[in-house]
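Proteins come first, then strands; the chains are lettered A, B, ... in the order of their sequence lines, and each starts at number 1.
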Amino acid sequence: MTFNLEEIYQIASTIWETAIGLQIEPESQDALASIGNRPRSTAACIQITGAWNGAILLDCPVEVARLVASIMFSAEPAKVTVADLQDAVAELVNMIGGNFKALLPEKCFLSLPAVVEGGDYSTRIPGSKLLGRACLCCQGHPVSITVLEKAVNQAAAA
Amino acid sequence: MSTATAPRPTIDSKFVLPFMNATRDVFLKMAGVTTTIGKPHLKSDTNAGYAVCGIIGFSGQITGSVVVSFSDTAAEKLVEAFAGVKLALTDPDFADAVGELANMIAGSAKKHLGAVASISTPSVVIGKGYVVANNRQIPCLVIPCSSPFGDFAVEVSVKRSPAL
């Protein structure tokens with residue numbers, strides 16, 4: 001499968017504007033380097049199975065997660081709980097996955113989002129290959145959306 | 001927002017035994033490690049757990065996720081027993097091995113869940129001070145496990161999908 005990062009940007013932009021009323025803009029790929037250096041971040045992954053197999057990973061700093069949660073749940077940012085911001089980022093990646101699924105051949109299923117929140121951690125999707133990574137900017141903070149496709153085991157496929 | 005009056009979640013007991021058996025079988029057959037399965041309990045907190053997690057999503061007639069989590073030392077030794085070679089936490093093959101263990105446990109259990117479901121590619125998280133969040137609509141049952149190499153846990157958070 002091929003797709004371009006512009007499609008991911010359009011999906012993200014639409015969701016950000018319609019669901020939470022925020023702007024999200026493309027960011028240079030150089031900003032990706034700073035994502036791994038943040039003290040706390042929230043990552044949400046949604047898996048797609050069926051006619052196409054892969055995953056979408058949303059990674060954002062806790063500041064963005066808190067802002068999104070405060071808007072989504074109509075709460076003051078200071079009163080947003082960890083569970084709220086996890087739910088908010090899960091909902092975002094669920095919407096991104098749902099929109100991305102529309103680009104895929106029938107019939108595909110979305111898993112429930114898996115959300116990880118914390119400091120010093122790394123996330124990997126073994127057995128998948130990187131299709132693309134969009135680097136975006138929300139309220140001055142870098143946000144990345146990564147699309148991974150399950151790698152076909154050539155030996156098994158033969 | 002969070003509500004203090006949320007009903008206490010429950011989990012279908014039919015979903016528990018397949019994961020207990022699958023965990024025992026996978027480690028015994030694939031790593032030659034005998035594991036002891038403890039008494040399952042509902043996960044009640046969001047404190048940071050073990051350092052290495054393999055996460056598998058379920059979709060179809062069963063939705064939810066399963067998280068297999070290990071301490072870093074237990075993970076290193078169990079992966080060594082499974083892969084036959086010592087791998088560092090930072091080695092990409094280490095994450096592959098953790099993902100494969102989670103995949104085999106979920107795949108083996110899936111056959112006995114009595115439903116048509118797909119399991120996702122595993123996600124592997126390695127680090128410190130992080131929390132894997134559970135869906136608040138689905139209860140999470142923790143199956144504590146012990147092995148000669150250290151303790152680990154299988155967190156089962158699945159439900160039958162009403163849409164299918």
Side-chain angles (χ1 to χ4, degrees), chain A residues 36 39-51 53-57 65 69-70 72-76 79-91 94 97 101 107-129 148-151, chain B residues 1-3 6 45-49 51-67 89-103 116-138 157-159 161 163-164:
Chain A
R40 292 191 78 79
S41 65
T42 306
C45 178
I46 194 158
Q47 303 269 0
I48 301 172
T49 56
N53 292 279
I56 296 174
L57 184 66
S70 72
M72 214 174 256
F73 302 123
S74 302
E76 291 176 30
K79 293 185 177 177
V80 168
T81 65
V82 172
D84 290 334
L85 60 89
Q86 290 166 346
D87 283 354
V89 176
E91 186 53 36
N94 189 49
K101 188 164 82 87
K107 189 170 189 179
C108 288
F109 301 95
L110 288 178
S111 73
L112 292 176
V115 182
V116 180
E117 192 273 331
D120 181 17
Y121 69 89
S122 63
T123 308
R124 283 181 52 86
I125 316 285
S128 63
K129 63 178 181 181
L148 300 131
E149 183 176 28
K150 186 175 182 178
Chain B
M1 289 290 290
S2 305
T3 57
D45 58 43
T46 55
N47 292 333
V52 179
C53 288
I55 307 167
I56 296 277
F58 278 73
S59 58
Q61 291 179 337
I62 302 286
T63 56
S65 64
V66 173
V67 180
L89 287 172
T90 51
D91 192 318
D93 288 342
F94 179 86
D96 286 359
V98 172
E100 190 53 36
L101 284 169
N103 187 52
V116 179
S118 299
I119 58 171
S120 70
T121 308
S123 307
V124 176
V125 186
I126 301 172
K128 293 174 185 170
Y130 68 87
V131 174
V132 178
N134 295 109
N135 186 307
R136 282 190 276 181
Q137 267 66 54
I138 306 177
S157 180
V158 296
K159 69 173 183 180
S161 174
L164 295 169

Please give me the minimum heavy-atom distance between Gly127(A) and Asp96(B), naming the atom from each residue. N-OD1, 4.3 Å
Ile46(A), Leu57(A), Val115(A): which one forms the most heavy-atom pairs within less than 4.5 Å of chain B? Val115(A)
Solution key, residues 117-129 of chain B side-chain donor-acceptor pairs under 3.5 Å, sequence neighbours excluded:
residue, atom, partner, partner atom, Å
Ser120(B), OG, Gly57(B), N, 2.8
Ser123(B), OG, Gln47(A), NE2, 3.0

Can you see which heavy atom on Thr49(A) is nearest to which on Ser59(B), and at what distance? OG1-OG, 3.2 Å
Between Ile48(A) and chain B, with a heavy-atom cut-off of 4.5 Å, which part of the residue counts as in contact: side chain, backbone, both or neither? neither
State, yes or no, whether a side-chain contact exists between Pro92(B) and Arg124(A) at a heavy-atom distance under 4.5 Å. yes
Which bit of Ala114(A) comes within less than 4.5 Å of chain B, counting heavy atoms only: side chain, backbone, both or neither? side chain
By the side chain to side chain donor-acceptor pair (under 3.5 Å) test, which pairs, at least two apart or in different chains, include something from residues 110-122 of chain A? Arg40(A)-Glu117(A), Ser41(A)-Tyr121(A)
I'd like to check Val131(B) versus Gln86(A) (side-chain heavy atoms, cut-off strictly below 4.5 Å). Are they in contact? yes
